[in-house]
Amino acid sequence: MQTEDFDVGAEITQLRQQRPDIGAVAAFVGQVRDLNQGDAIAGMTLEHYPGMTEKSLEAIVQQAKARWDIMDAVVIHRIGELKPLDQIVLVAVAGAHRGEAFHACEFIMDYLKTEAPFWKKEQTAKGERWVDARASDDAARARWHKI
Amino acid sequence: MQTEDFDVGAEITQLRQQRPDIGAVAAFVGQVRDLNQGDAIAGMTLEHYPGMTEKSLEAIVQQAKARWDIMDAVVIHRIGELKPLDQIVLVAVAGAHRGEAFHACEFIMDYLKTEAPFWKKEQTAKGERWVDARASDDAARARWHKI
Amino acid sequence: MIRLLYFARLREALGSVGEELTPRAGLTIEALMQQLAARGGVWAEEFGSGKSLRAAVNQTLAPVTTEIHDGDEVAFFPPVTGG
Amino acid sequence: MIRLLYFARLREALGSVGEELTPRAGLTIEALMQQLAARGGVWAEEFGSGKSLRAAVNQTLAPVTTEIHDGDEVAFFPPVTGG
């Protein structure tokens with residue numbers, strides 16, 4: 001967790017250049033959109049649960065490492081005030097081959113979206129509002145039980 | 001195609017910052033490994049088929065755009081002499097939501113691996129050798145027919 | 001004593017970031033929620049049935065059947081919306 | 001005339017990057033491969049059955065049943081290994 005922005009290129013380079021047995025890095029970058037549920041978004045505030053956030057992200061990465069043959073992973077999530085076009089989250093996973101890296105990266109994002117204690121409050125023309133959880137995120141997470 | 005290295009961070013930033021309706025960028029970075037099929041790799045040469053390479057990559061990206069609701073995609077593949085830890089390929093896909101971006105990114109990589117006319121020649125202690133195509137890459141591509 | 005924490009929309013609705021309570025023996029998350037709802041007003045609204053709340057015990061998501069022990073940190077919050 | 005191109009391991013085995021040929025009417029990729037194999041030596045080895053080769057006509061992957069027309073660019077190469 002950090003309020004500052006992050007450098008995607010530097011994070012991926014650091015991840016992959018540690019080991020020449022890494023052949024693949026799968027990454028995800030989330031960006032603040034200017035529209036949600038039909039309303040223009042001027043900005044948002046990211047609240048989190050200090051202590052649990054670190055613990056839950058660590059647990060999610062450990063689950064991914066237990067499940068796929070990956071070498072390393074990095075997760076960065078911003079908190080505080082953000083505006084459209086700002087980066088909000090980075091997940092990058094390094095592995096020998098691409099299939100495992102892709103699956104682990106998507107798994108981490110799906111679990112982060114449903115288990116990590118972050119909450120978004122959007123600023124719209126009608127005032128501030130807490131973002132509702134999406135059923136599609138629960139569905140995305142649920143499919144990992146079936147594999 | 002290019003012989004020069006590329007800047008992953010700058011490419012992703014350029015892709016996502018075009019439009020504030022982009023919420024997600026899924027990316028893949030391939031790196032030259034120092035080991036393949038049990039042999040140490042000193043370096044490799046990437047040969048390609050000028051003309052067809054551009055055409056096939058463009059066709060793969062168009063297929064991805066027709067299949068998923070994505071906004072833009074970038075594909076960079078290096079040619080010429082590379083050594084372990086060098087970046088070899090970047091695929092980045094921008095979309096409103098992460099599921100479509102992830103699927104399109106993986107689709108493009110699987111098709112690039114089986115349809116784009118690139119060939120790797122590795123330098124090992126035993127001399128040079130052409131890399132054999134992997135059955136697992138054909139299998140990875142084949143699963144997109146079933147969805 | 002247990003430490004209670006409230007986050008996000010719940011924190012704003014209750015007008016509280018948390019409090020300390022002495023738990024009775026064998027208290028579960030479900031029973032604690034009923035106890036809080038019994039305060040009436042916004043507490044009844046937020047902890048009564050109908051609202052979708054999540055709970056964590058000692059910073060790990062926990063089902064409502066989880067037993068709470070002295071010294072635990074118990075957090076209540078809406079479904080998460082990060083990423 | 002058609003333009004033939006050879007790539008990668010095939011290019012090295014044949015010692016040729018390509019050539020020009022006059023195709024007979026109705027020539028398919030499969031028939032062209034038999035014609036090239038009939039040269040004997042490395043040509044028989046590479047274009048005879050057993051070796052896994054891919055073909056492209058005018059820079060698009062093409063099945064062996066594809067008919068070749070005057071002016072076409074026809075490429076032969078091993079399965080690709082980029083990425």
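Numbers restart at 1 for each chain; the letters A, B, ... are given by sequence-line order, proteins then strands. Just so it is clear, the values below take in all heavy atoms, side chains as well, and ignore hydrogens, waters and symmetry mates.
For a residue to count as touching a neighbouring chain, one of its non-hydrogen atoms must lie under 4.5 Å from one of that chain's; by this rule B:Ala26 touches chain A with backbone and side chain alike. For a residue to count as touching a neighbouring chain, one of its non-hydrogen atoms must lie under 4.5 Å from one of that chain's; by this rule A:Leu85 touches chain B with backbone and side chain alike. Looking at A:Ala24, the atoms closer than 4.5 Å to chain B (heavy atoms on both sides) sit in the backbone and in the side chain alike. For a residue to count as touching a neighbouring chain, one of its non-hydrogen atoms must lie under 4.5 Å from one of that chain's; by this rule B:Val93 does not touch chain A. The parts of A:Asp110 that come within reach of chain B are both its backbone and its side chain, each placing non-hydrogen atoms under 4.5 angstrom from that chain. At a 4.5 Å heavy-atom cutoff, the contact between B:Ala96 and chain A is made by backbone and side-chain atoms alike. Proximity to chain B (any heavy atom under 4.5 Å) is restricted, for A:Val32, to the backbone atoms N, CA, C and O.
When the candidates B:Cys105, B:Gly9, B:Ala27 are compared by the number of heavy-atom contacts under 4.5 Å with chain A, B:Ala27 comes out ahead. Per-residue heavy-atom pair counts under 4.5 Å with chain A were compared for B:Ile41, B:Ile88, B:Val25, B:Asp7, and the maximum is reached by B:Val25. Between chain B and the residues A:Ile22, A:Val8, A:Asp34, the most heavy-atom pairs under 4.5 angstrom are made by A:Asp34. Top candidate by heavy-atom pairs under 4.5 Å with chain A, chosen from B:Gln17, B:Met109, B:Arg98, B:Gln87, is B:Arg98. Of the listed residues (B:His97, B:Arg16, B:Glu11), the greatest number of heavy-atom pairs within a distance under 4.5 Å of chain A belongs to B:Arg16. The residue among B:Ala10, B:Gly23, B:Pro84 with the most heavy atom pairs within less than 4.5 Å of chain A is B:Gly23. The most heavy-atom pairs under 4.5 Å with chain B, out of A:Val91, A:Thr13, A:Asp137, A:Asn36, come from A:Asp137.
Listed for the A:Gln31 side chain is a donor-acceptor partner under 3.5 Å among the backbone atoms of B:Arg19.
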- Message: Applying ring-ring contact (aromatic ring centres under 6.0 Å, His included) to B:Phe102 and A:Phe28, what does each step give before you reach the verdict?
- Response: CA-CA 8 Å; B:Phe102 265 122; A:Phe28 178 84; 5.5 Å; yes
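For CD of A:Gln14, the number of neighbouring non-hydrogen atoms (other residues, nucleotides, ligands) closer than 6.0 Å is 12 at most.
From B:Asp21, atom CG reaches atom CG of A:Leu35 across 8.0 Å, with rounding to the nearest 0.5 Å.
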